[in-house]
Amino acid sequence: MKKLVLILNFFILNNIITLKTRASSDFMPLQIGNSWTYSVSYNMTYCCKLKVNIVSDTIFNNKKYFRSSSPIPVSHVIGLNLRYYRVDAVSGNFFGYYDSGGGCLYYPNEVLIDSLAANINNISAICPSMSKRACTNIEPFQSCWGSSYNRKRFQFYNGNTQTPSAYFMGIGLSGSADGPLGEVSFDLIGCVINNIVYGDTTLTVIHNLSNQIPNRFSLSQNYPNPFNPKTIIKYSIPTTQFTILKVYNALGKEVSTLVDKKQNAGTYEVDFNGEGLPSGIYFYQLNTEDFLETRRMILLK
């Protein structure tokens, strides 16, 4: 009977740890192929977009890390230029690998970013600085693409709102800022999680040229053409449509996705930058719910 109780206790404890780990890792789902696209602002003025891709994984000190294409923009550690990350299977802590030496005394060569297993008012010491951070909110929050997610919010535990960061359950880092007024801020506008696309994941800045509703679909010839290395592509849609604009090389291989989102009726322009591509013939294709057209352009270096 005692043995049976021990076995039951083991399974109960194991399930609690598994649920805790799953809940924590869901707040930052690190998997190869996942990506997050952020709108970046300085002093509340829009600057640009940033995309972070998980491109590979590796083992350091018997721990599995995921490598990102650029630092995940958590403002209070972004200056450390971290590229490898993990969520600890026991504590639920979100770590970055710090190969420059130092790091946490109790987690060598690692920086503790946020404790994703935290409940409201839980406080953790962020190393290597040992500054205290607190979980301030856990509540449903609407994303910019309209879906609502359970969100955990953190900030430094010093009585103000300096350097907040927040995470969506099942999505990942939803935003962070540096300074009490958001002098630098990163806001999630789209992502790809387990091959599912949410929101706007393109890096292209799309210009809406006119509020006048066009009377037909159109895809204009790019200009200039030939180009080196930048050109402009203009198109019109007369009704709200899910719009995809892609560029292909002469062999039909996709080289860039310029637009992949639902758009209101209007006339739009996007820039295409062929830097890094060889000279040659390329094709750009506009594909909506009711329209499909392809045009040719020439990159001449």
Short side-chain to backbone donor-acceptor contact, N225 and I298, under 3.5 Å: yes
Hydrophobic cluster membership, Y282 vs F272, 4.5 Å side-chain cutoff: yes
Option among L258, V259, L245, I233 that satisfies the side-chain contact (heavy atoms from CB on, under 4.5 Å) test with L286: L245
Rounded distance [0.5 Å steps], CG in N208 versus OG1 in T267: 7.5 Å
Distance-only donor-acceptor check, side chains N122 and S115, under 3.5 Å: no
Salt bridge (Lys or Arg N to Asp or Glu O under 4.0 Å) partners of D271, counting only residues at least two apart: none
side-chain hydrogen bond (donor to acceptor under 3.5 Å, both in side chains) assessment of Q241 paired with D290: CA-CA 8 Å; Q241 300 269 312; D290 301 313; 2.8 Å; yes
Y38 side chain vs L173 backbone, donor-acceptor pair below 3.5 Å: yes
Ring pair (Phe, Tyr, Trp, His ring centres under 6.0 Å), paired with Y65, selected from Y84, Y97, F95: Y97
Main-chain N/O of K301 paired to S279 side chain as donor or acceptor, under 3.5 Å: yes
All salt bridge (Lys or Arg N to Asp or Glu O under 4.0 Å) counterparts of E293, not counting sequence neighbours: R295
Least distance between heavy atoms, S70 atom then L50 atom: OG-CD1, 3.9 Å
Main-chain N/O of S147 paired with Y198 side-chain donor or acceptor, under 3.5 Å: no
L82 backbone acceptor or donor facing Y85 side chain under 3.5 Å: yes
S174 side chain to A166 backbone, donor-acceptor under 3.5 Å: yes
